[in-house]
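Side chains are part of it too, since the values below use all heavy atoms of this structure and drop only hydrogens, waters and symmetry mates. Computed from a predicted structure; not experimentally measured.
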Amino acid sequence: MAFKTRTRRAYLGTILCTFLHSAALAAAEESSPRSCDSYREYVTTYNYLLDKKTLAFTKDQASVTAFRVAKGCDGAAGRFIRVFDLLINAKLTLQQSSEIAEEISWLDSESAETFAEIFKVAFLEKYLDLTLSDAIQLARSLSSDAAGASGPARKEFEKLVQFCLAKTGLGLSKPDCAKLSLQLVKLDERDSNKYVATAFVDLIEFLRSDNDGPKLATFEALQVAQEVIAMHVEAGRNFMPAYKFARDKKQLGLDRSKAIEFAKQIAGLSKAQSKPDRPREPQ
């Protein structure tokens, strides 16, 4: 029996040592800096800048820029070139295009793609038609500030822009559409959800066209939807059944205005709250 006990202990000790060794290796890998093909990124950027005959880069200037881009590690040259081309074609100055492209080259590939796509949606005439500086600011906001969520943020922003510009959607002006779409995507980021566009569109359609909804005019539906979504991205899924319950004559039987207010109150509880204090026991 003693032998079996010692054997079992030795076996468990081996497992424990193996586990600790694996954990130590994993921790070392995480703490050690990763390797990077810096030369490839440098020379790709350097050759690109000198090969473009329309650019007034000297060899020294190209080298300095390429060195800074190489700090962005693997894929930095591609990110720089994508953004630089985009900005130069939009008639931004050479210096500003280079500075912003360098900045984006240090981000991850998803963030760089977000910058490029959001910039196009913001700047092109067929979409938001913003000024060059406003388009850059908006693209920076959704690529750099989204804390790892730039991919979903980009997709949600594009959906919202399509909906708010369309005549069958909200039919907003381009500046108003840009402002609304950005505000909503930022709410999505705050609440750690990635589907604000669907939640917002569903709520708008309920408010203005659903058979069981209040059938509000578009501008009224927009006001209510913004108020509800600001409570929490998912607040609409509580607002809609609460409104129908309030209007049901077998339930609360409220008129439209009071039913909307009731539903707002229920929607306001969508975000989990800390438990309320218990009422004090009577003395």
Side-chain angles (χ1 to χ4, degrees), residues 142 145-283:
L142 289 183
D145 299 342
S150 63
R154 178 182 78 241
K155 294 172 184 176
E156 293 302 291
F157 182 82
E158 291 170 351
K159 290 178 187 176
L160 288 165
V161 167
Q162 291 174 359
F163 177 70
C164 70
L165 287 180
K167 291 182 179 178
T168 54
L170 296 177
L172 297 179
S173 68
K174 291 179 177 181
D176 287 342
C177 178
K179 183 178 179 181
L180 173 66
S181 299
L182 183 58
Q183 286 175 341
L184 291 172
V185 169
K186 288 297 184 181
L187 290 175
D188 208 24
E189 178 186 326
R190 179 196 71 187
D191 290 330
S192 301
N193 293 304
K194 304 292 166 250
Y195 47 87
V196 67
T198 299
F200 180 74
V201 172
D202 287 349
L203 184 54
I204 287 285
E205 297 303 351
F206 172 80
L207 289 166
R208 69 179 183 179
S209 58
D210 191 281
N211 289 334
D212 295 322
K215 292 188 169 57
L216 301 176
T218 296
F219 78 93
E220 294 175 311
L222 178 57
Q223 290 176 342
V224 174
Q226 283 182 277
E227 184 179 346
V228 171
I229 291 290
M231 298 171 184
H232 189 278
V233 171
E234 295 188 88
R237 69 184 180 92
N238 289 313
F239 177 93
M240 291 183 278
Y243 175 84
K244 289 187 277 190
F245 180 87
R247 287 287 281 162
D248 190 337
K249 292 181 179 178
K250 294 180 180 179
Q251 304 299 339
L252 299 183
L254 302 179
D255 62 31
R256 185 176 74 168
S257 178
K258 289 180 180 178
I260 289 174
E261 293 307 313
F262 171 81
K264 284 181 184 178
Q265 291 178 333
I266 295 297
L269 304 177
S270 299
K271 188 172 184 178
Q273 306 289 329
S274 58
K275 291 184 179 181
D277 295 332
R278 287 186 176 182
R280 292 183 178 181
E281 296 291 336
Q283 299 296 324

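Partners of Arg256 by side chain to side chain donor-acceptor pair (under 3.5 Å), not counting sequence neighbours: none found. Taking the salt bridge (Lys or Arg N to Asp or Glu O under 4.0 Å) definition, one finds that Arg208 meets it with Glu205, sequence neighbours left out.
Taking a cutoff of 4.0 Å between a charged side-chain nitrogen and a carboxylate oxygen, Glu156 and Lys159 qualify as a salt bridge.
Judged by distance alone, with hydrogens and angles left aside, the side-chain atoms of Ser181 form no donor-acceptor pair with the main-chain N or O of Ala178 at under 3.5 Å. In this structure a side-chain-to-backbone donor-acceptor pair under 3.5 Å is present from Arg247 to Leu254.
To the nearest 0.5 Å, atom CD of residue Gln223 and atom OG1 of residue Thr218 are 11.5 Å apart. Note that the CG atom of Leu180 and the CG atom of Leu160 stand 7.0 Å from one another [nearest 0.5 Å]. If you take NZ on Lys258 and CG on Leu252, they are separated by 11.5 Å, rounding to the nearest 0.5 Å. Rounded to the nearest 0.5 Å, atoms CE (Met240) and CG (Leu203) are 6.0 Å apart. Atom CZ in Phe157 sits 11.0 Å away from atom CD in Gln162 (nearest 0.5 Å). Once rounded to the nearest 0.5 Å, the distance linking CZ of Arg237 with CZ of Phe206 reads 15.0 Å.
Nearest heavy-atom pair, Val185 versus Ala153, reported as atom, atom and distance to 0.1 Å: CG1-CB, 3.8 Å. Residues Phe262 and Ala246 come closest through the heavy atom pair CD2-CB, 3.6 Å. Pairing each heavy atom of Gly236 with each of Pro241, the nearest pair is O-CD, 4.4 Å. The two residues Phe239 and Ile260 come nearest to each other via the heavy atoms CE1-O, 3.7 Å.
No side-chain heavy atom of Leu187 sits less than 4.5 Å from a side-chain heavy atom of Gln183. Contact annotation: the side chain of Lys174 approaches that of Leu165 to within less than 4.5 Å [non-hydrogen atoms, C-beta and beyond]. In this structure the side chain of Leu207 never reaches within 4.5 angstrom of the side chain of Tyr243, judged on heavy atoms. Contact of the Ile204 side chain with the Phe163 side chain is registered, since non-hydrogen atoms from C-beta on lie closer than 4.5 Å.
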*Run the side chain to side chain contact (heavy atoms under 4.5 Å, CB included) check on Leu222 and Leu172 step by step: do they pass?*
CA-CA 11 Å; Leu222 178 57; Leu172 297 179; 4.1 Å; yes
*Under the side chain to side chain contact (heavy atoms under 4.5 Å, CB included) criterion, do Asn238 and Leu269 qualify, and how do the steps go?*
CA-CA 9 Å; Asn238 289 313; Leu269 304 177; over 6 Å; no
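Sorted by first and then second residue, the salt bridge (Lys or Arg N to Asp or Glu O under 4.0 Å) pairs involving residues 212-227 (not counting sequence neighbours) are Glu227-Lys264.
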